[in-house]
Amino acid sequence: MSEDYCTIVDVPKPPKAEGPPYAECVLCREPTEYPESHKGITLCPVCEWQEAQRTACSG
């Protein structure tokens, strides 16, 4: 049986904020697209993209 090591997990994203205040990015502390009231890890668009590139399957 062959295992797929490059499976993309469908992780729900928080709802986008309609305006300030915005949550800050946990990596660079820049404003994100998410509301400040969102609980959990939030990333700005740049860090989100970089994280996706870092964890992407290179195979």
Side-chain angles (χ1 to χ4, degrees):
M1 179 176 202
S2 174
E3 291 187 38
D4 185 7
Y5 292 101
C6 295
T7 302
I8 297 174
V9 178
D10 194 16
V11 178
K13 289 189 172 197
K16 300 223 183 217
E18 293 185 22
Y22 298 106
E24 65 179 34
C25 177
V26 296
L27 298 177
C28 70
R29 305 186 66 86
E30 290 293 320
T32 66
E33 299 174 336
Y34 307 113
E36 193 175 65
S37 62
H38 175 72
K39 304 290 186 224
I41 296 173
T42 53
L43 299 173
C44 70
V46 173
C47 290
E48 199 169 272
W49 181 83
Q50 289 174 341
E51 185 68 13
Q53 292 296 312
R54 188 183 69 76
T55 59
C57 179
S58 62

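One is the number of the first residue; the rest follow in order along the sequence.
In the hydrophobic clustering of this structure, Leu27 does not group with Val46; members are Ile, Leu, Val, Met, Phe, Trp, Tyr whose side-chain heavy atoms approach within less than 4.5 Å, directly or through other members.
For Pro35 against Ala23, the heavy-atom pair with the smallest separation is O-CB, 3.5 Å. In this structure, Thr32 and Cys25 approach most closely via the heavy-atom pair CG2-N, 3.5 Å.
Using a 4.5 Å heavy-atom cutoff, the side chains of Leu43 and Val26 are in contact.
Rounded to the nearest 0.5 Å, atoms OH (Tyr34) and SG (Cys44) are 10.0 Å apart.
Glu51 is linked by a salt bridge (charged side-chain N to carboxylate O under 4.0 Å, His left out) to Arg54, counting only residues two or more places apart in sequence or in another chain. Under the salt bridge (charged side-chain N to carboxylate O under 4.0 Å, His left out) criterion, Glu24 pairs with Arg29, sequence neighbours left out.
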